[in-house]
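These notes are about the structure you will find just below.
The sequence lines fix the lettering, A, B, ..., with proteins before strands; numbering per chain opens at 1.
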Number of protein chains: 2
Amino acid sequence: MSNNVTFTEKLRSSGLRPTKQRIEICKLLFNRANTFHFTINDLNKLLNKTSEKKISLATIYNTVHAFKKKGYLKEISINSERSYFDTNVTNHHHFFDESNNELIDLDNKYVEKITISKSLPGKKIKSVEVLVKVANNN
Amino acid sequence: MSNNVTFTEKLRSSGLRPTKQRIEICKLLFNRANTFHFTINDLNKLLNKTSEKKISLATIYNTVHAFKKKGYLKEISINSERSYFDTNVTNHHHFFDESNNELIDLDNKYVEKITISKSLPGKKIKSVEVLVKVANNN
DNA sequence: AATTTAACTTATAATGATTCTAAACTAGTG
DNA sequence: CACTAGTTTAGAATCATTATAAGTTAAATT
């Protein structure tokens, strides 16, 4: 996803109407050099700064959940206070910086293959993800 | 923690008054062969079955948070819908069974040493934990 | 291009989990 | 036994999220 036309097509092709609210949100989330981690609250504040007309909170919730359902966003649960969304939807790992509540991607290439010598009968593995909690040194 | 007398001593020694509500909750949580994973809601239901007099929800919240603060419980965030607590307070890993929302300990001995070849300047690692999501085979 | 309709947005109400409050109660101390 | 500080409690308050239902809009149909 990179420009408005592409957003329009992308949305339409996945069965979501390309409304101006959704395009606005796409621009904010996907016109970035790096992956982006955010909470609903972050997104709401950003949209209030960026966009002309206020997008209602309900629409923000609806859109984020629609995008998650379509696989454009991934939800990450680090702690009970807030839920994070991630524009990087691949299976990957995270640092969570407890000093400032920041979530940072940890690419698979930095984590050596994880070998688990236990399995649960009748269950198959859907994902294996590592969470590294960090804090300031001092 | 194993019997009432021990609970009384344990609570007192960590600066918590051994009230009958706290002892009741201790019995339920720590008189077990295995580690126990629960939500506040689970605990509330269990207490309603087990104990004579109803323990108020506020007290359950207070107690669980007091125990967490004292290091008798650990909080685990798997998804945004619910927060789990674990009587196993060591650094360890988990399976999360998406078919029935069950959290299962994955002992360190079953996970090969995790090597991470990236660090964040000025930050130190507090914990490294793996979450393996599983679901029914069929 | 106008009409229609199903999808979407919105403000607001409802919900549910958690925290707060302030009054009543209780463990431990003198 | 009386005192005090910690604890419990019911209910109110709060916060994030979801539901509702009325108005709006995209896009299919005519």
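- The residue Asn41(B) sits apart from the nucleic acid: no heavy atom pair falls under 4.0 Å.
- Asp105(B) and His37(B) share a side-chain donor-acceptor pair at under 3.5 Å.
- Rounded to a whole Å, the CZ atom of Arg22(B) is 12 Å from the P atom of dA27(C).
- Distances were taken from every side-chain heavy atom of Tyr61(B) (C-beta onward) to each of dG28(C), dT19(C), dC8(C); the shortest belongs to dT19(C).
- Between Lys74(A) and Glu129(A), at least one side-chain N (NZ, or NE/NH1/NH2) sits under 4.0 Å from a carboxylate O, which counts as a salt bridge.
- Atom CG of Asn48(A) is separated from atom P of dT10(C) by 12 Å (rounded to the nearest Å).
- Note: CD (Gln21(A)) to C1' (dT10(C)) measures 9 Å, nearest angstrom.
- The distance between atom CG of Leu16(B) and atom P of dT26(C), rounded to the nearest whole Å, is 19 Å.
- Annotation: of the two residues near DNA chain C, Arg17(B) and Thr63(A), the 5′-most nearest-nucleotide partner is Thr63(A).
- A tilted orientation is assigned to the rings of Tyr61(B) and His65(B), their planes being inclined by 30° to 60°.
- When DNA chain D is scanned in the 5' to 3' direction for atoms under 4.0 Å from non-hydrogen atoms of chain B, the outermost contacting nucleotides are dA5(D) to dA10(D).
- Taking atom CZ of Arg12(B) as the reference point, atom P of dA27(C) lies 11 Å away to the nearest angstrom.
- Once rounded to the nearest 0.5 Å, the distance linking CG of Leu120(B) with OG of Ser99(A) reads 10.5 Å.
- Across all strands, Thr19(A) comes closer than 4.0 Å only to sugar-phosphate atoms, never to a base (heavy-atom distances).
- As judged by a 4.0 angstrom heavy-atom cut-off over every strand, Lys20(A) is placed among residues making no nucleic acid contact.
- Taking OG1 from Thr8(A) and CD1 from Ile23(A), the interatomic distance works out to 3.5 Å, rounded to the nearest 0.5 Å.
- Two end axes, each from the C1' atoms of five base pairs, can be drawn for the helix from dA1(C)-dT30(D) to dG30(C)-dC1(D); they diverge by 20°, to 10 degrees.
- For Ala58(B), counting side-chain heavy atoms from C-beta on, the closest listed nucleotide (dT10(C), dC20(C), dG28(C)) is dC20(C).
- Ring geometry for Phe30(A) against Tyr72(A) counts as perpendicular: the plane angle is over 60°, on a 0 to 90° scale with 30° as the lower cut.
- One can place CG of Asn44(B) at 13 Å from C1' of dT18(C), the figure rounded to the nearest angstrom.
- What separates NZ of Lys54(A) from P of dT10(C) is a distance of 8 Å, to the nearest Å.
- Counting to the nearest Å, the P atom of dT9(C) and the CD atom of Glu24(A) are 12 Å from each other.
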(message) Test side-chain contact (heavy atoms from CB on, under 4.5 Å) on Gln21(A) and Thr63(A); report intermediate values, then the result.
(response) CA-CA 9 Å; Gln21(A) 292 87 344; Thr63(A) 302; 5.6 Å; no
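- Nearest approach of Asp86(A) to His92(A), heavy atoms of both residues: OD2-NE2, 3.0 Å.
- Ring planes of Phe96(A) and Tyr84(A): perpendicular class, angle over 60° (limits at 30 and 60°).
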